[in-house]
Amino acid sequence: MNVPTDLKYAKSDEWIRVEGEVATIGISDYAQDALSDIVYVDLPQVGASYTAGQPFGSVESVKAQSDVYLPVGGTVTAVNEALGQTPELVNSDPFGAGWLVKIQLTDAAPLAGLMDAAAYTAFCAGRAH
Amino acid sequence: MLEPLIYDLSRPGRQGVTLPACDVPPTPLPDGLARTTLDLPEVDQLTVVRHFTRLSQLNMGIDTTMYPLGSCTMKYNPRVNETAARLPGLAAAHPLQDPETVQGSLALMFALQEWLADIGGFAGVSLQPAAGAQGELTGVLMMRAYHLDRGDTKRTKMLIPNSAHGTNPATANMAGLEVVEIPSDPRGNVDLEALKTLCDDTVVGLMITNPNTLGLFEEHVEEVVAAVHACGGLVYGDGANMNAIVGKVRPGDLGFDVLHYNLHKTFSTPHGGGGPGSGPVGVSARLTDFLPGPLVARVQDQGETQPPHFSLVTPPKSIGRMKAFWGNFGVLVRAYAYIRANGPDGLRGNSEYAVLNANYLRAKLEDVYKLPYDRVCKHEFVVEGVWADAPGVHALDIAKRLVDYGFHAPTNYFPLIVHEALMIEPTETETRETLDRFVHALRTIAEEAHTQPQLLKDAPHTAPLSRLDEIAAAKQLVLCCRPVALSA
Amino acid sequence: MLAAIGAADIETLFADIPARLRNPQLNLPPALSEMETLADLRELAEDNQHAGRSALFLGAGAYNHYTPQIVDALIQRGEFLTAYTPYQPEVSQGTLQAVFEWQSMVCALTGMDVANASHYDGATALAEAVIMGNEHFRGARRKVVLSPTLHPHARGVVHTYTQGLGLSIVGEDLPPDVAPAALADLVDDQTLLLAVAYPNFLGQIDDLQGLADRVHARGALLVVMADPLALGLLTPPAAFGADIVCGEGQSLGLPLSFGGPYLGFFATRKSLVRKMAGRVVGETHDRQGRRGFVLTLATREQHIRRERASSNICTNQGLMALAATIYLSTLGKHGLRQVAELCWHKSHYAANLIGALPGFRVVAPRPFLKEFVVACPRPVAEINDFLLYQRNIIGGYDLGQDYPALKNHMLLCVTETNTRAQIDDLVGALSELS
C-alpha cells in the first residue's frame, strides 16, 4: 500500500495536498484498492462551495459506491475532467493523475485534525479489509 | 454473438402481422401532430418467432433445471394456473367496468384476501402491491401512518437486522425514516439484548424476516416482538421466506402487525425473468383502517338463495393507492388456483417438504462446505463457498461451475454477514433424485476446487457464453442499440 | 431423508417454532384436482362481463387492442416464464437481450437516450419519476406540479409514495381543461418537476411545444407520461424537451386482465441515468470477446445502497416487457403507426356521429387519438346500464367520479378492435337516450 508522506489523510480515506491557498484532493491507494475497478466518478461543478466534512461527489465500482468528503472547507476551482473517460486513473495513479478536485481553501482549520502518512498507515492496518 | 438483435434482422417493408383495413371514412391528420420517424424493426412473423424462441433457449428456467436460488423460492409453476389466468372472463375484463359486471373477479379477490389472512393470521389483507418490495413500502407507510394518526410524531426510526435484504432499509428510506441496524447473535438470531437497548419511543418499528435470510427461524421471536411492542413500536414481517412456514405457524399469531406475501415465491406464480410479482400485505386489527384502497368487501348477503355480492371499498384512514387499479390481477388468479388446488393440508405439506429437502441437502453437504450457522434450517441454508486450503476459489466460481453440472446457481454473496455466502433453497417440488444429483455436483465441485481450481475459475464451460465483463458494461454504458439522441 | 438428517420425524425440523402456535388449523377449502380447480375458476370467469362477450368502449388507462397470437405463445415458453431475474448472465442471455431490445424500443418510441427494464405500472413509474426528481435536487426543492389530467390513479400513487418525503404537490385542482402553459405558471425555483400526460386522461393531445423551455428556465424537470401506442403516431416527447418520459405500456399487447399485470415504462436523458431507478441491462462481452448482456448500474440499487437507495424496486414486470417487445417486433415501424391511425379514424368517426346526436356534445377542443369526452343528457351510470343490459355494450368512463365539473360527462374509447358495426350500434343506442 502506497502512502505518500507529503500528504494529509482523512478517516474517510481522502488525501489532501495543500499548496498555499490551494489544495488538491483525491482518494487513497487503500480506498481505491478496497473499491476495486472504478467505473464512474461523480464530481461537482467548478465554483461549488463546501464546508469541511461535506460530501462533494462519489466514486463507483461495479459492486460499491462511496461518497467522497471534503476534508476542509473550500470552493472548487477545478475538477479532473479526464476521469469522465478514464475513471480507472483513480485505480492506477490515485495520488497523481487520479486526483479528483482542486479547491480554494475557505476553512483550513480542520487540517490540524487530519492524519499524517504514519498515522494513516496505522489506521488502515487497524481495519479489517 | 449468439443471436442477432431484432433490429439486425429488420428489412424495409416487412411486417409480422396484418391489420384490418379501415372500415370507416378517414379523418385527415392535422399538420404537425405526427412524428416523422419511428425506429422500430421491420420483421416477418416467422423471424420474430425464431428470434424469441432462440433467445429463450439461452435461458435456464425452473422448467429446464433445478434453480436453487436462496430466498427466491423457485418452485414449479403449475401450468393449470396459466390456463386459469387466460380464461376470457378473467383476461378480457376491464378494470373500470361497473363492479356489478365483474363479480367473478371480485369474488376471486375476496376469497384470496380471506385465505391469505387466514394463512398469515391477520385481520385484513390488501392485494394491491405489485411485488414484495412494494408490499414492504405499503407496510412501512401504514406503520408510519398509524403512529401519526395517534399523534405520536416523534417516531422516526426503523430497526432492521444486519442480515436483512437490501429492500428493507431502502424501503424505510423511501418512507422518510431513519434506519438503525441491529446485529445478529452467534446463532444467527436478532441480538435480543442489542435490540432491547435500541427500543424506545422514537422507534416506528422493526422489520424482520422470519425465517431469516440464513434460513433460520428466530429462536426468540416472541421476545423480539414483545420488546418492540413494549416500546410502542410495530413489527413488520418480510414474507420472502413464507414457504417454510405456511400451515406451520402464522406470523400474526407470533405478534407480527404486518407482513407481505410474495405470491411469485410461496404461491407458485412464475417469476417471468423479473416479474410480474405480487406482494399482498396482511395486517393486524389495529392497522386494517390504514390498508391501501380499494379492497374487495362483501356487501349485504341477500339471503340464503342469493350469491354473495362484492364491491370495492377504501378503508377510512387508508394510506392511499399503491398502483393503478386493483393489483396484479393475473398473478392473483394463479395464486388463487394454487391455494385451491393444494388446500390446507397440501400447503402445510409443501412447507414440510421444502424444509425436509433443505435439511437433507444441508446434511449431505455439511462435511465439505462450512456452515457458519450449523443448526436445523427451514427452507434454505447458507454455506461458505470458500476453503482455506483452496486459495483463490470463491463462492462465485462454485456458482458458475454448477451450471456445467446442469444446475442454476444458488444466491451468492448474500446475506452480507456470511463470508462468501452461497444460499441454497431447493423448494418442495424437487424430487429426491434431483437433490441427490445436486449433492453429487456440489461435492464434486468441492473436490475440483482443491485439485483443479482453474476449472472453477473458468466456469461455466457449457453455458452459451463464458463470464461477462461487468466492468466494461458499467464503463461504456451501452443501454440501447439505437441512439436516437433527440433529447441531447 | 430423515435418517440422513438425523431427525426422528418432520415435526422435529419445526421444533424452533413455539409449540403452542405450531400447526394452526387453516380454514381454507379442501384441495381440488387439476380438473376441479379449472372448473372452479371457469365458474368465476363466467360471472364477469368482458370484452370477449360485449363491445367495449371503455379505456381510461386500460385499453383493448389486438394482440398478435405469437405474443402469448412466446411468453409462455418455460425458459422465459420460469426464470428469475437474470442474476447469472451466462445462463440468462435470453432475458437480458430481450430487455436490451425493450430498452432500445422504449428509446425509439420516446426519443430519449436511456430506458430501464420496467416498473410495476404507469402510475408507479410516475411516482418513481417524482422520487427521482427529489433525488436529483437532493432535497433542495420541495414542490411538484402535477397536471389535473394525469390519470387520477397515477396522481394517487404519487401522493402515496411521497407521503414521508415532505413534498408539496400542486396543480391538481386546476380545471381539467387547463392548458399546459397555465401549469408552467406554477413552476418556480422551488419546483422539482412538472408532470403532464400525452395524450392526457381526457384523451386530449396537448401542445407541449415550448413547455420544456419554461420549465427549464426555472431549473426544473419536465416529465411526460405518455401512451406508448400513441407514440406510434405522435411526435415523441423528447422532441419537446422532456427530461423523463414514462407511462403505462399495457396498450402494447397486454391483456386487460382486470387491471394487471401491466407494464410501467421509464426513459430519461443519459445525464440523469444514475438517478433512474429500476433494473438496467447493458451490452458487454464475455472472456472470448463475444457480445453479451448484463445487469448494470447496480450501484443505484437497494442491494448495494441499502438505506441510501432512493427506490426499493427489484422485481418489476419482466414478462410483460417481453410481451411488449414481441408485440413491437411483430407490428414494427409501420404496423404500430397503422394501429394508431385506425384508432384515430375510428374514434373520429364515432365522435362525429355522437356529437350530432341531440343532447350529446363532444368536448374535445384539442386533437385526440382514441379517447374523447362526451357531455351527456343523463347520468353516465344510467346510460351505461342501458348500453350493457339492452345492447350488450360496455360504455365509457364516468368522469364525474374524478372531476366534479365533468358530471354527466363520459370518456369514450375507440380502438382498432371496434368495428364500424359496433360503433354504429353504440351511436344507435345513444340516440335512443337523446
Side-chain angles (χ1 to χ4, degrees), chain B residues 16-17 23-24 27 39-40 42 52 55-56 58-63 84 87-89 91-93 95 101 104-105 130-131 133 166-167 169-171 175-176 179 217 249 270 272-277 320-321 324-325 328-330 341 343-344 359-360 363 463 465-466 473 478 480-481 486-487, chain C residues 1 5 16 26 28 30-31 37 41 44-45 47-52 68 74 77-79 82-83 85 90-91 93-95 104 107-108 111 120 123 153 156 160 164 238 255 257-261 282-284 286-287 292 296 302-303 306-307 309 312 315-316 318-319 330 332-333 348-349 420:
Chain B
V17 68
D23 59 356
V24 299
T27 303
D39 196 4
L40 289 176
E42 297 169 75
F52 288 100
L55 283 185
S56 78
L58 304 176
N59 272 3
M60 273 186 172
I62 301 168
D63 279 6
L87 291 169
T101 69
S105 290
T167 50
T171 300
V179 173
F217 196 85
V249 67
R321 59 166 55 253
F325 311 118
N328 274 346
F329 179 76
N359 277 287
Y360 180 71
L465 291 179
S466 61
V478 176
C480 162
C481 65
L486 278 170
S487 71
Chain C
M1 290 171 78
I5 299 166
D16 37 19
L26 296 184
L28 305 174
T37 302
L41 278 143
L44 288 168
D47 282 348
N48 281 352
Q49 295 291 329
H50 58 87
L74 287 167
R77 287 194 62 89
E79 305 93 324
T82 72
T85 298
E90 301 84 354
V91 291
Q93 284 300 305
T95 296
S104 300
C107 291
Y120 307 132
H153 290 186
T160 309
S257 189
F258 200 52
E283 185 181 315
T284 186
D286 78 351
R287 287 184 181 172
T296 191
Q302 46 76 27
H303 60 284
R306 297 180 73 85
E307 72 274 8
N312 66 359
T315 287
N316 46 88
L319 200 70
T330 308
K333 177 181 193 159
H348 283 79
Y349 172 74
R420 180 174 185 160

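Just so it is clear: chains get the letters A, B, ... in the order the sequence lines come, proteins before strands, and each one is counted from 1.
For a residue to count as touching a neighbouring chain, one of its non-hydrogen atoms must lie under 4.5 Å from one of that chain's; by this rule B/V249 touches chain C with backbone and side chain alike. Heavy atoms of B/A84 lying under 4.5 Å from chain C belong to its backbone as well as its side chain.
Of the residues considered (B/P88, B/G272, B/G61), B/G272 shows the highest number of contacts with chain C, using heavy-atom pairs under 4.5 Å. Ranked by heavy-atom pairs under 4.5 Å with chain B, the first of C/E283, C/H348, C/R287 is C/R287. For the set C/L74, C/T37, C/T296, C/T330, the count of heavy-atom pairs under 4.5 angstrom toward chain B peaks at C/T330. Chosen from C/S257, C/A51, C/G332, the residue pairing most often with chain B at heavy-atom distances under 4.5 Å is C/S257. With chain C as partner, the option from B/G320, B/P270, B/G273 having the largest number of non-hydrogen pairs under 4.5 angstrom is B/G273. No other option in C/G164, C/A83, C/A45, C/G259 has as many heavy-atom pairs under 4.5 Å with chain B as C/A83. Comparing C/A123, C/G78, C/G156, C/P68 by how many heavy-atom pairs each has under 4.5 Å with chain B, the most go to C/G78. Contact count versus chain C (heavy atoms, under 4.5 Å) is highest, among B/L87, B/I62, B/T27, for B/T27. Chain C forms more heavy-atom pairs under 4.5 Å with one residue of B/G277, B/A324, B/G330, B/A131 than with any other, namely B/A324. Looking only at heavy-atom pairs under 4.5 Å with chain C, the residue among B/A341, B/A175, B/A363, B/G343 that has the most is B/A341. The residue among C/D16, C/L26, C/T82 with the most heavy atom pairs within less than 4.5 Å of chain B is C/T82. Among B/P95, B/A91, B/G176, the residue with the largest count of heavy-atom pairs under 4.5 Å with chain C is B/P95.
Contact detail for B/T167 and C/Q302: the closest heavy-atom pair is N-OE1, 3.1 Å. Contact between B/P344 and C/P30 at its shortest, heavy atoms only, is CD-CA, 4.1 Å. Nearest heavy atoms, B/F325 versus C/H153: N-ND1, 3.1 Å. Here the closest heavy-atom approach between residue B/A170 and residue C/A309 is recorded as CB-CB, 3.8 Å. Contact between C/G94 and B/L58 at its shortest, heavy atoms only, is N-CB, 3.6 Å. The shortest heavy-atom contact between C/V91 and B/A463 is CG1-CB, 4.0 Å.
Between the NZ atom of C/K333 and the CG atom of B/D39 there is a distance of 6.5 Å, given to the nearest 0.5 Å. One distance of note links CD of C/E79 with CG of B/D63; it measures 7.5 Å at 0.5 Å rounding. To the nearest 0.5 Å, the span separating OG1 on B/T171 from CZ on C/R306 amounts to 11.0 Å.
Side chain of C/D47 to backbone of B/G104: no donor-acceptor contact under 3.5 angstrom is found. Side-chain atoms of C/D286 come within 3.5 Å of backbone N or O of B/S466 as a donor-acceptor pair. C/H303 contributes no side-chain N or O that, together with a main-chain N or O of B/G166, makes up a donor-acceptor pair within less than 3.5 Å. Formation of a donor-acceptor pair under 3.5 Å by the C/T315 side chain with backbone atoms of B/G275 is not found in this model.
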